[in-house]
Amino acid sequence: MRDIEDQPGQETTPLLSTNHTELSLQQQQEQQEEKNMIKKDAIFGTMTQIGLALFAGLIISVLVRLPFNVFIFHAVFMVLFVVLSTEGIFLLQPTSTPKEKEKGLKIHATFIGLSYLCAIGGFSAILYHKASSNKDHFTSYHGKLGLIVFCFLLFQFLFGLTMAFIPNLYGNVTKAKSLWKYHRMTGYTLIIIVMVTAQLGIRADYIYNNLWSPKLMIGHWIALIFIIIGISGRVRFYKWGFSKGNNTVVSRN
């Protein structure tokens, strides 16, 4: 008697084809990559939030010790500006699907818009404070960088606003979208300058001399490091055109 596998007409094709097996393995790999991405984003996201909370908390701990004056408005508005602008970037980073990106864009625009209003409030407060005290403007590195930030922010705000909501200014939607990577690059550049400016402001005599303890400056360094690492860890460089991304769910920024 011949073996079954030798009988004519006997089906010898594997139940799972090689292509199907490869596809299944690829899907498993993508799912694992997505899980790893979510975990990584969660870790870096937590670092960002801790850094922002520490930054705001340390400054508030100084402001409550100061007599009320116009300068308080500058500090409060600028703390809100730093927090809102950072959150505006942070909340847009994990978007992946078109629906997520559309929702993320609206949230991003809202937070950045509010942060710009806070920047206007803080900038106006310090101008009034300097003028009423007969003091010169933009004499410190903090003041000079603050002016650069204010102008840079206006450019960045209008750049993003027109690309998102008035794309025809750049020819068409496709051309406007091709400029998004530059908006991202300038946005990350701006947030770095913002952080440097904030750190210079924290070290101004008026703030430094009213710290509960000079040792608390260590907390500001920790906050800065946490924010920078947290935001940087969620960046997807393929959106800058430096490396290839894919269109799967794994690509989450």
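In this structure, Val235 is a member of the same hydrophobic cluster as Ile192, with clusters built from ILVMFWY side-chain heavy atoms closer than 4.5 Å. Trp221 and Val196 end up in the same hydrophobic cluster when Ile, Leu, Val, Met, Phe, Trp and Tyr side chains are linked at under 4.5 Å. Residues Trp212 and Ile60 do not share a hydrophobic cluster, clusters being chains of Ile/Leu/Val/Met/Phe/Trp/Tyr side chains in contact below 4.5 Å. By the rule that hydrophobic residues join a cluster once side-chain heavy atoms approach within less than 4.5 Å of another member, Val64 and Val76 end up as members of separate clusters. Cluster annotation: Leu117 is not connected to Val70 through the hydrophobic network of ILVMFWY side chains, with a link wherever side-chain heavy atoms come within less than 4.5 Å.
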Show the atom names and distances, to 0.1 Å, of all donor-acceptor pairs under 3.5 Å that link a side chain in residues 169-178 to residues at least two apart or in another chain.
residue, atom, partner, partner atom, Å
Tyr170, OH, Thr162, OG1, 2.5
Asn172, OD1, Thr174, N, 3.1
Asn172, OD1, Lys175, N, 2.8
Ser178, OG, Lys175, O, 2.5

Per-pair distances, 0.1 Å, donor-acceptor, side chain in residues 137-146, under 3.5 Å, sequence neighbours excluded:
residue, atom, partner, partner atom, Å
Ser140, OG, Gly143, N, 3.0
His142, ND1, Thr197, O, 2.8
His142, ND1, Gly201, N, 3.2

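Closest approach of Ile89 and Ile191 over heavy atoms only: CD1-CB, 4.0 Å. The two residues Ile227 and Thr86 make their nearest non-hydrogen contact at CG2-CG2, 4.2 Å. Of all heavy-atom pairs spanning Ile229 and Phe44, the tightest one is O-CD2, 3.5 Å. Nearest heavy atom pair, residue Leu153 against residue Ala119, reads CD2-CB, 3.8 Å. In plain terms, the two heavy atoms of Phe111 and Gly88 that are nearest each other are CB-CA, 3.7 Å. When every heavy atom of Gly45 is checked against every heavy atom of Phe90, the shortest pair comes out as CA-CE1, 3.3 Å.
Interatomic distance, Tyr188 OH to Ile231 CD1, rounded to the nearest 0.5 Å: 6.5 Å. Taken from CG in Asp41 to CE in Met37, the straight-line distance is 6.5 Å, to the nearest 0.5 Å. Between Thr186 atom OG1 and Gln156 atom CD the span is 3.5 Å, to the nearest 0.5 Å. To the nearest 0.5 Å, atom CD1 of residue Ile107 and atom CD1 of residue Ile112 are 12.0 Å apart. Remark: His183 NE2 to Met163 CE distance equals 5.0 Å, nearest 0.5 Å. Atom CZ of Phe226 is separated from atom CZ of Phe55 by 16.0 Å, given to the nearest 0.5 angstrom.
The backbone N or O of Ile207 lies less than 3.5 Å from no partner atom in the side chain of Asn209, so there is not a single donor-acceptor pair. Counting only distance, with no hydrogens or angles, the side chain of Asn134 and the backbone of Lys130 share no donor-acceptor pair below 3.5 Å. Checking side-chain atoms of Ser213 against main-chain N and O of Lys215 turns up a donor-acceptor pair under 3.5 Å.
Of the residues listed (Arg184, Arg234, His108), the one engaging Gln93 in a side-chain hydrogen bond (donor to acceptor under 3.5 Å, both in side chains) is Arg234, and it is the only one. The side-chain contact (heavy atoms from CB on, under 4.5 Å) test with Cys151 is passed by exactly one of Leu154, Ile148, Leu147: Leu147.
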> Does the side-chain contact (heavy atoms from CB on, under 4.5 Å) test come out yes or no for Ile120 and Ser124, once each step is laid out?
Replying inline: CA-CA 6 Å; Ile120 293 174; Ser124 301; 4.0 Å; yes

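Residues Ser133 and His129 have side chains in contact (heavy-atom distance under 4.5 Å, counting atoms from C-beta outward). At least one side-chain heavy atom of Phe81 sits less than 4.5 Å from a side-chain heavy atom of Val194. Using a 4.5 Å heavy-atom threshold, the side chains of Lys99 and Lys103 count as separate.
Gln199 and His220 form no side-chain donor-acceptor contact under 3.5 Å, judged by distance and modelled atom types alone.
Aromatic pair Phe123/Tyr116: centroids not less than 6.0 angstrom apart.
The environment of Tyr128 atom OH is sparse: at most 12 non-hydrogen atoms of other residues, nucleotides or ligands sit within 6.0 angstrom. Open room surrounds NZ on Lys35; 12 or fewer heavy atoms of other groups in view lie less than 6.0 Å from it.
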